[in-house]
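Structure first, then comments.
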There are 2 protein chains.
Amino acid sequence: MSGTNTHVPAVLAHELPNPVPRDELAACPVNDLFRRIGDKWSMLLVIMLGKRRYRYNELHRSIEGISQRMLTRTLRDLENDGLVRREVFPTVPPSVEYSLTPLGESLLEPLSALAEWAVRNSPVTAAPRP
Amino acid sequence: MSGTNTHVPAVLAHELPNPVPRDELAACPVNDLFRRIGDKWSMLLVIMLGKRRYRYNELHRSIEGISQRMLTRTLRDLENDGLVRREVFPTVPPSVEYSLTPLGESLLEPLSALAEWAVRNSPVTAAPRP
DNA sequence: CTGTATCCGCATAGATACTG
DNA sequence: CAGTATCTATGCGGATACAG
């Protein structure tokens, strides 16, 4: 137990330069991913869209507390990141449907490992911040 | 492909109430975890401490761009969350060593799944935000 | 119905100076 | 060596009003 951890996953165990330069930090895939979907609403949207497709107002009504601005902005970001697909149907009134791309669905799998960890350890980590 | 996603991981697939109330959202373990370690420095520290133990100034020197304030604050948060252990040795001058707790080390495993996903898909997700 | 535009409060994070 | 204290800047996120 003392000293080096022997079961660190390969991806995380690769040598880090010393000092860790800013570019290396910004380029860290995990850190980068977290900075993209680690905001207030992205996770919830990915999980919801992982269940089924939604229309815009359906999402707006379904998520208590989200503003139009934040819903639109978060969906646009997820779309730009290739995780969410936006389909416009030129009806009157117009309707827009959101769903996960294959990339977005593939994210659900590693996410579940993290989710299961979080659920298992939520009693431990649920302590309020001082 | 149309309609319901059939291979959503169990933890993520459980029924979401509609509308999703704020408390439910705040209590979402994954969202909660992301809000705790999804900040600018937490991930990097967990990964670094996953390799070996570090002293305070060692971390400060090793991570280019981090301020003392942020390093201390991030370490304290991780300690409060039970992920990092802080050991003080009353020498002169004093020395403090940081390492992962068993809980922190257990987090490295699900993290690696996410890391591998991020690495595999970094070419796709690396596009700059507009 | 599906958004955009604008304004504003608050939390996050950096810089700097100082301390046991 | 290992931090605190204080000040400030920036950006996220919410409220509201308006538009195609």
Side-chain angles (χ1 to χ4, degrees), chain A residues 19-22 25-26 31-32 34-45 48-49 53-81 84-99 128-130, chain B residues 19-22 25-26 31-32 34-45 48-49 53-81 84-99 128-130:
Chain A
V20 181
R22 296 187 189 197
L25 171 63
N31 205 63
D32 191 49
F34 269 58
R35 297 195 75 77
R36 282 164 183 270
I37 66 172
D39 65 318
K40 190 169 184 178
W41 303 107
S42 293
M43 282 295 317
L44 181 63
L45 283 174
M48 289 186 69
L49 294 176
R53 6 174 83 230
Y54 278 87
R55 293 180 56 179
Y56 179 85
N57 262 9
E58 209 176 0
L59 287 170
H60 191 215
R61 281 191 307 270
S62 297
I63 305 175
E64 190 175 315
I66 196 171
S67 64
Q68 281 189 323
R69 173 181 142 81
M70 277 303 106
L71 178 55
T72 302
R73 197 168 137 22
T74 306
L75 286 169
R76 289 288 193 282
D77 285 346
L78 291 174
E79 190 190 2
N80 286 329
D81 292 343
V84 161
R85 173 175 38 237
R86 176 176 180 267
E87 288 172 286
V88 183
F89 301 96
T91 56
V92 280
S95 77
V96 179
E97 288 191 3
Y98 292 93
S99 55
R129 293 275 179 87
Chain B
V20 181
R22 298 187 189 197
L25 171 63
N31 204 62
D32 190 48
F34 269 59
R35 297 195 74 78
R36 281 164 184 271
I37 66 172
D39 66 317
K40 191 167 183 179
W41 304 108
S42 294
M43 281 296 318
L44 181 64
L45 284 174
M48 289 185 69
L49 294 177
R53 321 162 54 85
Y54 277 86
R55 294 179 55 178
Y56 179 86
N57 263 6
E58 208 175 3
L59 287 169
H60 192 215
R61 282 191 306 271
S62 298
I63 304 175
E64 190 175 314
I66 196 171
S67 64
Q68 281 189 324
R69 173 180 144 79
M70 277 303 104
L71 178 56
T72 302
R73 198 168 141 22
T74 306
L75 286 169
R76 288 288 193 280
D77 285 348
L78 291 173
E79 189 190 2
N80 286 330
D81 291 343
V84 161
R85 172 174 40 237
R86 175 175 181 270
E87 289 173 286
V88 183
F89 302 96
T91 56
V92 279
S95 78
V96 179
E97 289 191 2
Y98 292 93
S99 55
R129 294 270 179 92

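Order of the sequence lines sets the chain letters (A, B, ...), proteins ahead of strands, with each chain counted from 1.
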Whole Å only: how far is the [atom1] atom of [X] from the [atom2] atom of [N]?
X	N	atom1	atom2	answer
A:R76	C:dG3	CZ	C1'	7 Å
A:K40	C:dA11	NZ	C1'	11 Å
A:D39	D:dG11	CG	P	16 Å
B:L44	C:dA13	CG	P	14 Å
B:Y56	C:dG20	OH	C1'	14 Å
A:E58	C:dC1	CD	P	11 Å
B:R73	C:dA13	CZ	C1'	9 Å
B:D77	C:dT12	CG	C1'	11 Å

Close side-chain approach of [X] to [Y], heavy-atom, < 4.5 Å:
X	Y	value
B:V84	B:L49	yes
B:L45	B:I63	yes
A:R85	A:E97	no

Item to complete: Report the residue (B:Q68 or A:I66) whose heavy-atom-nearest nucleotide on DNA chain D is the more 5′ of the two.
Response: B:Q68

Discussion item. Both B:R69 and A:T74 contact DNA chain D. Which one's nearest nucleotide lies toward the 5' end?
Written reply: B:R69

Item to complete: Any chance you could measure B:H60, atom NE2, to B:L75, atom CG, to the nearest 0.5 Å?
Response: 11.0 Å

Worksheet item: Between CE of B:M70 and CG of B:D77, what distance do you get to the nearest 0.5 Å?
Response: 9.0 Å

Response to the item:
Looking only at heavy atoms, the pair that brings A:M43 and B:N31 closest together is CB-OD1, 3.7 Å

Listed nucleotide nearest any side-chain atom of [X], set [options]:
X	options	answer
A:N57	C:dG3, C:dC1, D:dT4	C:dC1
B:S67	D:dC1, D:dG3, C:dG14	C:dG14
B:P94	C:dC1, D:dC1, C:dA13	D:dC1

Worksheet item: A:P93 or A:T72: which one's nearest nucleotide on DNA chain C is closer to the 5' end?
Response: A:P93

Practice prompt. Just say parallel, tilted or perpendicular for the rings of A:Y98 and A:Y56, cut-offs at 30° and 60°.
Written response: tilted

Worksheet entry | Degree of bending in the helix from C:dC1-D:dG20 to C:dG20-D:dC1 once both end axes are built from five pairs, to 10° | 50°

Worksheet item: Would you say a side-chain N or O of A:Y98 is under 4.0 Å from OP1 or OP2 of C:dG3?
Response: yes

